[in-house]
Protein chains: 2
Amino acid sequence: MAINFADSCLINRMRYYIELSPDDESLLMELEKDEVSFRSRRRLNLSNYPTHLFIVKSGWLYSYTDLDEKRRQVLRIHYPGDVVGLTEIAMQEPFSEMRTVSDVVLCPFPKSRMDEIFIQSPRLTALIFSLGMLDQVVLLDRLKMMNRAHAANRVAHFFLEIKARLKVHTADPGNATFDMPLTQEVIGDAIGLTNVSISNAIRRLEADNLLSSERKTVTIHDEEKLKAMVDFQDRHFKIDTSWFPHK
Amino acid sequence: MAINFADSCLINRMRYYIELSPDDESLLMELEKDEVSFRSRRRLNLSNYPTHLFIVKSGWLYSYTDLDEKRRQVLRIHYPGDVVGLTEIAMQEPFSEMRTVSDVVLCPFPKSRMDEIFIQSPRLTALIFSLGMLDQVVLLDRLKMMNRAHAANRVAHFFLEIKARLKVHTADPGNATFDMPLTQEVIGDAIGLTNVSISNAIRRLEADNLLSSERKTVTIHDEEKLKAMVDFQDRHFKIDTSWFPHK
DNA sequence: CGATATCTTGATTATGCTCAACGACAGTGG
DNA sequence: CCACTGTCGTTGAGCATAATCAAGATATCG
């Protein structure tokens, strides 16, 4: 019955940043008691969970909103160790829909469970708050690229961000090659381009020998050069925990 | 010596959403003990406050990052009642710069003061957390407009967002006319257009009799029509507080 | 009042969009 | 095992929106 700590991506991710007390770990494990599985490439019907948040236990999924009949905005890509729904915690009605990219296992828990964390662990609260704010910074980075960068640079930045996130969220050792199960259409809807432009951009990046992409994987050939080219900052690698409560 | 509650935009804004206990109010008032003033249209030098956050007591300012020599991305507009710097709380180094739009009074307080709130008031913590997440939703709305909407719609959406925010942040009764001290260049840098395009877009909106803009004010002529046109949602008006801790 | 910042308007250019057709591939069922 | 289907990625032609460059008009500040 005891959950192995190593099984929880969320706990591993939290541990990446701070030391967790046994109490903190129990609090987090409590959130992953239940599991629900979803098949690949399905729209999630979460009407059974109107006031729940979800921890991603395995698989990729993304949230989006429709704009008109043919266009949509992909808001966020979710990886194992993410908490899905935090962004919407203040909303009375859901404002986004979800789709799975691969087979996915989610752990639903009610919003009100956040209370217990807020009440029992100021230190964990500070970390969750910080990670939420960090997501905002990542969003601002994306906004910046959308507004000002050309297609190829947007795509390169998008891939670098995914690589940086995978490194913290999973046991990824940081290899040059990593999984990219998203279709070009989804990437386009995320960074504001059409699938056609994504295709052209990737081919241009390949021609310049900066990266290559085949069969749902991406290989970064010269990470430093690429980072410099798009002014990429890894927001996940290190955060400021110096001000956290000590308890 | 006693601060009048009504003097604090932040407390007023918080009160808009939940009832504050006397302890909560003291916690918040503690944050506004110090004041620093800045002149209009200045770049803020905050190197004296490397680990501080700021409550905006009066005036408008904005944060931005430079992209290249000639372009920058305006990240956020800050109004009275905002907490500036929350987004960067997890960053070890500042990632944005600030400029005042009008004369501004800020109340600086150290990051670590957030601890006291986390430790002493889970209810206030829940509210601050929710408002942070709400900012993310607003950011996602903006991202959506940037990626998919044409110039005029972006500008209209931007104005509607400001109007909605002013209503909650200040004692603004929701008049059709409101202050808009930002230059067209700043607006452009915020929503990813050049000053030229902003000018054209505003003139088109005026020609269509949807709004008018003169001398640093904007008047919305048909708010409902405009909201429908750009699919605007007011994220500030009402938030879900049902799950908050009661104490 | 002069100096500067801001806004307006026009001509030209460029990037990405739309529309469209084709090829590669995976999954399905006969 | 193979034809069938649908998704996904590639490539090309023409088009549209906003960028750039530039000059003139207006407003604002000291």
Side-chain angles (χ1 to χ4, degrees), chain A residues 39-43 62 67-74 99-103 145-156 158-159 179-207 211-218, chain B residues 39-43 62 67-74 99-103 145-158 179-207 211-218:
Chain A
R39 300 285 311 278
S40 181
R41 283 148 199 271
R42 301 288 199 286
R43 187 175 162 285
Y62 62 86
L67 301 171
D68 47 50
E69 301 73 34
K70 45 171 54 184
R71 284 251 150 262
R72 58 187 187 158
Q73 172 68 43
V74 166
R99 274 192 162 270
T100 57
V101 172
S102 60
D103 289 351
M145 294 308 288
M146 302 307 87
N147 277 350
R148 295 300 177 203
H150 286 182
N153 283 25
R154 289 198 218 178
V155 172
F158 183 76
F159 285 158
D179 271 13
M180 243 311 303
L182 306 174
T183 66
Q184 295 186 348
E185 197 187 348
V186 174
I187 298 173
D189 288 341
I191 63 180
L193 296 165
T194 58
N195 60 337
V196 176
S197 293
I198 301 293
S199 178
N200 290 332
I202 290 178
R203 276 184 28 74
R204 210 174 321 146
L205 291 166
E206 284 180 337
L211 55 79
S212 54
S213 165
E214 56 188 20
R215 304 251 219 95
K216 307 291 182 194
T217 68
V218 168
Chain B
R39 302 283 313 276
S40 182
R41 283 150 199 271
R42 299 290 198 286
R43 185 174 164 287
Y62 62 87
L67 300 171
D68 47 51
E69 303 71 36
K70 44 170 54 182
R71 286 249 148 265
R72 59 187 186 158
Q73 173 68 42
V74 167
R99 274 194 161 268
T100 57
V101 172
S102 60
D103 288 352
M145 294 308 287
M146 302 308 89
N147 276 352
R148 295 302 177 201
H150 286 182
N153 282 26
R154 288 198 219 178
V155 172
H157 191 278
F158 183 76
D179 270 12
M180 242 311 303
L182 306 174
T183 66
Q184 295 185 348
E185 197 188 347
V186 174
I187 299 173
D189 287 341
I191 62 180
L193 296 166
T194 59
N195 60 338
V196 176
S197 292
I198 301 291
S199 177
N200 290 332
I202 290 178
R203 278 183 27 75
R204 211 173 322 144
L205 290 165
E206 284 180 337
L211 55 78
S212 53
S213 165
E214 56 189 21
R215 300 249 220 96
K216 307 292 181 192
T217 68
V218 167

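Only a predicted model underlies this, so the values are computations on that prediction, with no experimental measurement involved. Letters A, B, ... mirror the listed sequences (proteins, then strands); counts begin at 1.
- Looking at A/V155 and A/R204, their side chains never come closer than 4.5 Å, going by heavy atoms from C-beta outward.
- Atoms CZ (A/R71) and C1' (C/dC17) sit 8 Å apart, rounded to a whole Å.
- Among the atoms of the strands shown, only primed sugar atoms or phosphate atoms (P, OP1, OP2) are found under 4.0 Å from some heavy atom of B/R41.
- With sequence neighbours left out, the side-chain hydrogen bond (donor to acceptor under 3.5 Å, both in side chains) criterion links B/T194 to B/S197.
- Applying the side-chain hydrogen bond (donor to acceptor under 3.5 Å, both in side chains) test to A/Q73 and every residue at least two apart in sequence or in another chain returns B/N147.
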Identify the pairs formed between an N or O of the protein and an N or O of nucleotides 12-15 of chain C at a distance under 3.5 Å, and give each distance.
none

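- A/R154 comes within 4.0 angstrom of no nucleic acid atom, judged by non-hydrogen atoms across all strands.
- Rounding to the nearest 0.5 Å places CD1 of A/I202 at 4.0 Å from CZ of A/F159.
- At its two ends the helix from C/dC1-D/dG30 to C/dG30-D/dC1 runs along axes set 50° apart, each axis drawn from five pairs and the angle rounded to 10°.
- Dense packing is recorded around CZ of B/R42, with more than 12 heavy atoms of other residues, nucleotides or ligands lying under 6.0 Å away.
- Applying the salt bridge (Lys or Arg N to Asp or Glu O under 4.0 Å) test to B/R148 and every residue at least two apart in sequence or in another chain returns A/D189.
- Residues satisfying the side-chain contact (heavy atoms from CB on, under 4.5 Å) test with A/D179, not counting sequence neighbours, are A/P181, A/T217.
- Remark: A/R43 pairs with A/E97 by the salt bridge (Lys or Arg N to Asp or Glu O under 4.0 Å) rule, at least two apart or across chains.
- A donor-acceptor pair is defined here as one N or O able to donate and one able to accept, closer than 3.5 Å; such a pair exists between the side chain of A/R154 and the backbone of A/G192.
- Sorted by residue number, the members of residues 192-204 of chain A with any non-hydrogen atom under 4.0 Å from DNA chain D read A/V196, A/S199, A/N200, A/R203.
- Checked against side-chain hydrogen bond (donor to acceptor under 3.5 Å, both in side chains), A/S212 has the following partners two or more places apart in sequence or in another chain: A/H221.
- Every residue meeting the side-chain contact (heavy atoms from CB on, under 4.5 Å) condition with B/D103, not counting sequence neighbours, appears here in chain and number order: B/R39, B/S40.
- The CD1 atom of B/I187 sits 19 Å away from the P atom of C/dA5 (whole-angstrom rounding).
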Verdict with reasoning, B/R99 to B/V186, per side-chain contact (heavy atoms from CB on, under 4.5 Å) = CA-CA 10 Å; B/R99 274 194 161 268; B/V186 174; over 6 Å; no
inquiry  = side-chain contact (heavy atoms from CB on, under 4.5 Å) for B/H157 and B/N153? Distances and angles first, verdict last.
reply    = CA-CA 6 Å; B/H157 191 278; B/N153 282 26; over 6 Å; no
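- On the nucleic acid side, DNA chain D contacts chain A at distances under 4.0 Å to non-hydrogen atoms, with the end points of that region at D/dC8 to D/dT11.
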remark   = Once base and sugar-phosphate atoms are separated, protein heavy atoms under 4.0 Å mark nucleotides 22-29 of chain C, 5' to 3', with B, S and - as --------
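- With rounding to the nearest 0.5 Å, the separation of CD1 in B/I198 from OG in B/S213 is 10.5 Å.
- Proximity of B/K216 to the phosphate of C/dA5: no side-chain N or O atom is located under 4.0 Å from OP1 or OP2.
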Pair B/K216-B/L182, side-chain contact (heavy atoms from CB on, under 4.5 Å): steps then yes or no = CA-CA 7 Å; B/K216 307 292 181 192; B/L182 306 174; over 6 Å; no
